[in-house]
Amino acid sequence: MTSQTTPQRNTAVESTGPTSTDRFSMAWFRDQLIRHAMVVVMLLIIAYFSYRSARFSTPDNLQTIAVAAAPFALIALGQTLVILTGGIDLSVGSIIALSAMSAAATVKGHPERLWLCVLVAMVVGLAAGSINGFLVAKVNVPPFIATLGMLTTASGLAYVIGHGAPINGLPTDFGKIANNQILGLQIPVVVMIVGIIAFALMMTRTSYGMRIYAVGGNPVAAQIAGVKTGRVLFSVYALSGLLAGLSGVMLASRVISGPPNLGEGYELDAIAAVVIGGASLLGGRGSVWGTALGLLLIQTLNNGLDILVVPAYWQSVIKGVLIVAAVAVDVWSARRRV
Amino acid sequence: MAGVLFECRDLTKAFGGVPVLKGISLAMDAGTVTALAGENGAGKSTMMKIASGQLRADRGEVLIEGQPLAHGDAHAAHRQGVAIVPQELASIMEMKVYENLFIGRELRSRAGILDRRAMVRRAAEQLAVFGVDIDPQAPMRSLSVGLRQLVEIAKSSSGGARVLMLDEPTSAISDREVERLYAVVDTLRKQGVAMLYTTHKMEEIRAIADRIVVLRDGGLVMDQPLTKVRDDDIVQAMIGRELEDLFPEVRPPGDEVGLEVAGLQVEGYGAPVDLTVRKGEIVGLAGLVGAGRTELLEAVFGVRRSSAGTVRVAGRAVRRNAPADSITRGMALVPEDRKGAGAVLTMNVLDNGSLPRLSSFTLGGWLRQRARGRVVKDAMSSVRLRSRGLGQSVGTLSGGNQQKVVLARWLTGHVDVLLLDEPTRGVDVGARSEIYRIITDLAASGMAVVMASSDMPEVLSLSHRAFVMRGGALVAELDRRQLSAPDVQETVFRLAAGLDSSRSPGAGADLVPTTSSPTEKDAR
Ligand SMILES: Nc1ncnc2c1ncn2[C@@H]1O[C@H](COP(=O)(O)OP(=O)(O)OP(=O)(O)O)[C@@H](O)[C@H]1O
Ligand SMILES: [Mg+2]
């Protein structure tokens, strides 16, 4: 029984994918359910809240969710890039505080030039992020340590700017940044939507996005393929800082003041959103759409639990359990897919 | 010691709807070695993974001495005496060699505390069997792929396994170490261990196996005692057609200089290296594991630091230590460790294929999807890649197909200097002859090719010239005539091992005797 006739080989690259499950059959349906487990979890949560409260699915409430999500969305986008390279950015919460304080101080000095405070916040964020990037990419400090240092430093500086107290008494015009509307949507919501779409395109359609995936997936291989890994690493931290700066000025504008503890702990929600979205903390795996979904899940949960007047400490417990459960379901479904 | 020790019945497995194993049945007696052959992607590793409990079969069962193996349970398999040396190594880089050897079955003193001293001693004994000089206290990371492979083999073979799966154990080690492996396999055979042994090399099958089993496209197409079949039968069973000559004819090189390396001082190595390769010329680098071939190639390309010297491609200087510049100047490197340095396993074929020349596929930073898809597809078809499409992630390709991706991704653009480090490691015969054809074609089209390889026939048959390396230096040069001398293998081995200093004056690590090599005398 040496060799029989040559069976059909799938030699070529173009050979097609799985064909075993017919479309719209029971098996196909089950397959889709497993494949998109996270979306299913999301829909279940939405269904539950809608069932429990008539207010939940009103347009007004959707707007509330979106407004609350916007500042998180920006830092979660930055965090996605950082995590894709296999790093982590713990400092975004503090950078929010630092840039918010810088913006508030600027508005106080130059109340007539609103754009200036936005610019200052972004520059401050970019500077802080660049320091992170420099430490990680050039000095080879582990990301966890570098950004932990920045977390403490930036938070300290935020208090320094306000001499240990919030900056109050800002012109009401400062509130325009967060509350003015474009096409019926508040500016932060527009920034969030544009940001998500832009980053999703960037990660899938540009060479920069591909380099980020490559550096996270295998830095040595990326280097041999000519990717300047140091530059890529530097840029993601810088970008993450910049986005935190933008997030900071929007948050400050919403409350028309500069509280030095603004953004405290936000980095954890951002990281959670990225991980729920299917990213691997080892780098190389994850997506902007995933992060958006993760973000939506967390924000929906926050909002829904508020509406149902669940006490804050119970919210925290429920959120924690649900985050882990969501990721566990996702890991399980990924395994089933093989 | 006879009797069926290991049996699998009707193993069936599909990945994402694509069948990979189509009902494989196989039985192995105690104290026998069965060679498992087949093309890249035929399903060999998949079968071994199922047999060792790492993967779950869709249908069918595995029996160890008649006892069914718990499905997809690696621990249970281990308890039942099944061990595997995986194709893609799973060493723990951050740990020491002896820690790797004893992980999971650490030695403890009576007080329950880790007995490191005893582990180091036992580790040294186990490694001594292979006759290589590995310090049990060295960090795993510091070892070359070849040495890591040996440590893995020592680990699996010393744990009291009765069924041992060896998935391409020799793909990363040199001939001398292969001999040692044979000795170890023989010892295990005498102890009654049943072994399944995957390799792409015919000499190995002949040297070590009692029986040959061939998989093709997930089906079992041959199961014969080795004495009953000819090599050609085996090859034909594997690729489903007859194979023409393995090595293509090598065409004469051109006259212009393609690559010029002068006084390149690789960091961590003693002597500076000079090397000139003409356009169209294939220069082989032979040597033992650890001779510095990989390091030299990496330094020429710029991914390993060099502290002095110049590298010129077609007369133009290349910035040292700047791989991106090397690529722009027309250099390409196919690294030895495809998993660690070659491909980004988390990305798909398309993305891996476009990575080295990203900027040529972009317009203002935006990827030109259509052009990219077309060019990468062409490059991948030119090496006959077997994948489910450009969207398949490289991590799920079979080992040999990963290697094809790592080579073919350079072919999307112009290359003047091709640096190949073990280009056919783990590649099946059919694909190998394909890759040889590609290499000679590329050379004939004007590329200067430098090829480091532990596969002697490959160096001897493809190179216009070859250098033997030892301790980071080129210690001897062999021309085409010397390479075809009957006892050239012996000569190269002696030079590589440094046994020849008496016969070859000045063959020390710091001198580069060129044609004064002993083969002059030995050639007819
Ligand atoms: N996790 C996975 N997901 C999807 N496809 C897979 C996965 N693992 C293996 N495959 C596919 O299964 C087929 C068989 O792979 P396998 O690794 O068993 O081949 P092999 O015979 O060991 O080849 P090689 O000689 O190259 O090592 C390949 O086509 C491969 O792409
Ligand atoms: Mg394999």
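In what follows, chains carry the letters A, B, and so on, assigned in the order in which the sequence lines appear, proteins first and then strands, with residues in each chain numbered from 1. The basis for the numbers below is simple: all heavy atoms, side chains too, and nothing from hydrogens, waters or symmetry mates.
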Choice from B:L355, B:I327, B:L367 maximising heavy atom contacts with chain A below 4.5 Å: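 Top option by heavy-atom pairs under 4.5 Å: B:L367.
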Examine whether an atom of [X] lies under 4.5 Å from a heavy atom of chain A, and if so say whether it belongs to the side chain, the backbone or both; otherwise answer neither.
X      : answer
B:R409 : side chain
B:R230 : neither
B:A341 : both
B:T328 : neither

Do B:F301 and A:I224 touch side chain to side chain, with heavy atoms closer than 4.5 Å?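 When only atoms from C-beta onward are counted, A:I224 and B:F301 do touch, with a gap below 4.5 Å.
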Considering only distance and modelled atom types, tabulate donor-acceptor pairs under 3.5 Å from the side chains of residues 195-209 of chain A, sequence neighbours left out.
unit_1, atom_1, unit_2, atom_2, d
A:T204, OG1, A:A200, O, 2.9
A:T206, OG1, A:M202, O, 2.6
A:T206, OG1, A:Y208, N, 3.4
A:T206, OG1, A:G209, N, 3.2
A:Y208, OH, A:S235, OG, 2.6

Nearest heavy-atom neighbours spanning [X] and [Y]:
X      : Y      : value
B:G342 : A:A221 : O-CB, 3.3 Å
A:R211 : B:S359 : NH2-N, 4.4 Å
B:P323 : A:Q223 : CB-O, 3.7 Å

Are there over 12 heavy-atom neighbours, none belonging to A:R285, within less than 6.0 Å of that residue's CZ?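 Count not over threshold, so no.
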Quick check on side-chain contact (heavy atoms from CB on, under 4.5 Å): which of B:N352, B:L350, B:T362, B:L358 does A:M210 satisfy it with?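 So the option named by the test is B:L358.
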At a heavy-atom distance under 4.5 Å, which candidate from A:A225, A:G226, A:P219 has the highest pair count against chain B?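 Option with the greatest count: A:A225.
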